[in-house]
Undergrad: 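Got a structure for you, questions after.
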Amino acid sequence: MNAPVPADRLAAAASTAAASTAAASTAAASTAGVPPAAAAPRGDGILVDRLSVTYPNGMTAVRDASFALDPGTICALVGVNGSGKSTVFKAIMGFVRPSAGTVRLTGLPVPQALKRNIVAYVPQSEEVDWNFPVLVEDVVMMGRYGHMNLLRVASRDDRRKVDAALERVGMTAFRRRQIGELSGGQKKRVFLARALAQEGRIILLDEPFTGVDVTTEAAIVALLRDLRDAGHVMLVSTHNLGSVPDFCDQVVLLDRTVLAAGPTAAVFTRANLERTFGGVLRNFSLGGAALHADADADRRSLTVLTDDERPLVLYGDDAGRDADGPDAADAAGRDDERRR
Amino acid sequence: MDTLVAELLIPFGYDYMRKAMWVSALVGGTCAFLSAYLMLKGWSLMGDALGHAIVPGVAVAAIAGAPFAAGAFAAGLLASLAMHVVRQKSRLREDAVIGLVFTTLFALGLLIASLRPTAVSIQTIVLGNILAIADEDVVQVAVIAAVSLAVMAVVWKDMMVTFFDEAHARSIGIRVGALKVVFFTLLSACTVAALQAVGACLVIAMVVTPGATAYLLADRFGRLVAIAVALGTTTSAVGAYLSYFLDGATGGVIVTLQTVLFGLAFVFAPKHGVLAARRRRAATLEATP
């Protein structure tokens with residue numbers, strides 16, 4: 001079932017990409033003197049301003065939600081089912097009209113942004129009809145439709161971009177397959193390739209890690225980092241708490257409104273997560289004598305937070321009260337990966 | 001030998017047979033085009049519902065001396081509206097709503113027709129009568145088919161994206177709502193056209209079977225449409241031709257032909273047929289003893 005051909009190649013790509021981004025970001029930080037996250041985002045990528053959405057049946061799914069993301073950001077959208085994640089997505093894509101507030105995409109109102117092909121959407125696997133008679137390359141070509149004329153006739157440039165997108169996600173060998181014949185990870189990559197071919201500045205990803213093997217997950221993360229460095233904005237709806245500190249610069253915590261939004265290190269904390277998930281979150285905390293021989297001297301504790309997928313592991317002096325720096329959580333995430 | 005050929009060419013010597021064949025082919029091809037979309041979305045029953053729901057409109061039009069299409073269209077609109085209202089205001093499931101509305105309208109149509117038996121022939125409505133189609137109806141059908149094919153030729157890819165992934169369609173600026181209205185308008189119009197060819201009861205076959213057969217034979221949407229249209233066109237033309245010899249109802253012959261082809265595809269399709277699946281299973285069993 002695992003990705004047959006490009007497993008090792010993808011893994012290699014993932015690690016080099018990760019290394020290069022790390023180098024790039026440290027370089028940027030040292031030259032600028034302040035880490036980029038220190039400046040408050042102005043919302044040049046996505047600006048959601050006091051957004052409220054009420055459905056025709058009278059249910060208010062989101063009330064007074066605000067957050068701002070600049071180009072070159074990966075942002076996690078975290079919250080329980082029914083917290084309004086999909087409503088925020090729908091508002092960004094113009095499916096629902098805000099009852100109050102505004103959404104601006106690269107400074108443009110939503111309808112104009114859609115006309116200019118600014119938003120690409122990577123759907124949840126459950127939303128896709130996998131029996132639909134389309135080949136992998138047909139799906140990726142759909143990403144180019146917004147750039148074509150009325151009859152949607154592909155130009156040489158369109159074909160070249162489809163080829164490049166397929167190559168980039170390692171799906172060239174599968175381009176003539178009907179989409180239902182792929183594994184979970186391959187299916188995800190097809191739709192990522194479509195988003196690449198579309199060349200939208202804003203990419204919305206709905207649960208990109210569900211039903212995906214570890215190799216593909218690493219490959220997706222590497223790809224998102226590349227796109228971030230190229231100035232794209234990515235909003236990722238996810239239940240996969242453990243991977244959030246791995247690759248997200250920003251986090252928006254949602255429970256019918258925005259509970260907290262900002263840099264991962266500041267926002268993705270135990271206190272905030274407990275507020276977001278209430279009793280839904282599974283939570284294990286080890287400390288004192290259970291964890292350390294000299295319980296009095298060693299105040300460090302281990303905390304495991306999990307929604308329903310990869311857990312968030314916090315370890316250190318503050319682990320019981322607060323999240324560690326992203327590096328510690330990152331390391332914890334790697335450990336977790338190895339265990340699996 | 002010559003006599004056999006002469007015998008086979010007889011239908012082409014009659015004006016009404018030639019007309020029946022090309023009109024059927026046109027209707028069959030157009031309906032088949034739409035069937036490719038309809039069956040993929042799980043909306044096949046909508047075709048059936050429309051076919052039955054337009055009957056009262058046709059009956060009233062026949063009594064009033066108005067064109068078939070106008071009455072049918074009004075009834076189709078009424079049906080869609082009724083389904084929408086019942087669905088919004090109740091907790092009934094979609095299939096129950098469709099079943100409720102279309103049988104009610106069909107019953108109403110039969111009632112109207114039976115009250116004025118001299119003006120409307122129930123048999124014509126239910127079974128169609130392509131062999132005796134009037135010239136103005138031919139024009140009507142031809143216009144419907146030409147317009148439908150022209151529109152679809154332009155929007156077929158947009159329509160495919162909309163049916164496959166509505167969110168993506170919106171994100172690239174396709175006006176999804178408008179496109180769906182276009183689709184159902186064309187579907188209603190083609191149902192009216194098909195009604196004349198095969199009758200209200202068999203309309204559903206025209207808007208489902210060719211697409212379903214092609215689905216078993218193709219993995220790409222463009223090819224699926226091409227196969228469906230080819231099947232719809234040929235079965236309709238050949239069906240009309242054969243009905244001359246069989247002396248049977250044209251609609252019955254056309255739909256039987258389509259079903260035979262579906263059966264063949266179901267068993268022998270190279271990839272999605274029953275036999276192919278069995279071969280694959282056997283191959284896997286052999287490969288992993």
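Hydrogens, waters and symmetry mates are skipped; everything else that's a heavy atom, side chains included, is used. Just so it is clear: chains get the letters A, B, ... in the order the sequence lines come, proteins before strands, and each one is counted from 1.
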Undergrad: Please classify the contact of A:Arg116 with chain B as side chain, backbone, both or neither, using a heavy-atom distance under 4.5 Å.
TA: neither
Undergrad: Among A:Val119, A:Asn117, A:Leu135, A:Ile92, which residue has the highest count of heavy-atom pairs closer than 4.5 Å to chain B?
TA: A:Leu135
Undergrad: Do A:Gln250 and A:Thr73 pair up side chain to side chain, a donor and an acceptor below 3.5 Å, judged on atom types alone?
TA: no
Undergrad: Side chain from CB out, backbone as N, CA, C, O: work out which of these in A:Val139 comes under 4.5 Å of a heavy atom of chain B, or both, or neither.
TA: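 For A:Val139, the contact with chain B is made by the side chain alone.
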Undergrad: Salt bridge (charged side-chain N to carboxylate O under 4.0 Å, His left out) with A:Glu137: which of A:Lys161, A:Arg177, A:Arg176?
TA: A:Arg176
Undergrad: For the interface with chain B, which of A:Lys90, A:Met93, A:Gln198 has the highest count of heavy-atom pairs at distances below 4.5 Å?
TA: A:Gln198
Undergrad: Could you give the distance from CZ (A:Phe209) to NE2 (A:His239), rounded to the nearest 0.5 Å?
TA: 13.5 Å
Undergrad: Look at B:His168, B:Lys157, B:Arg170 and state which one has the largest set of heavy-atom pairs under 4.5 Å with chain A.
TA: B:His168
Undergrad: Less than 4.5 Å to any heavy atom of chain B: does that hold for the side chain of A:Phe191, its backbone, both, or neither?
TA: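 Side chain of A:Phe191 only, per the 4.5 Å heavy-atom cut-off to chain B.
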Undergrad: Using only heavy-atom distances, determine whether the side chains of A:Thr60 and A:Thr54 contain a donor-acceptor pair under 3.5 Å.
TA: yes
Undergrad: Could you look at B:Ala36 and say if it's the side chain, the backbone, both or neither that has a heavy atom under 4.5 Å from chain A?
TA: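 It is neither, since no heavy atom gets under 4.5 Å.
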Undergrad: Among A:Val134, A:Leu204, A:Val128, which residue forms the greatest number of heavy-atom pairs with chain B at distances under 4.5 Å?
TA: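 Looking at each of A:Val134, A:Leu204, A:Val128 in turn, A:Val134 comes out on top.
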Undergrad: Step by step, would you call A:Arg160 with A:Asp157 a salt bridge (Lys or Arg N to Asp or Glu O under 4.0 Å)?
TA: CA-CA 5 Å; A:Arg160 204 169 43 74; A:Asp157 190 45; 2.5 Å; yes
Undergrad: Tell me, for A:Ile118 versus chain B, whether the close heavy atoms (under 4.5 Å) come from the side chain, the backbone, both or neither.
TA: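 Nothing of A:Ile118, per the 4.5 Å heavy-atom cut-off to chain B.
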Undergrad: Between B:Asp219 and B:His272, is there a side-chain donor-acceptor contact under 3.5 Å, judged purely by atom types and distance?
TA: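 Yes.
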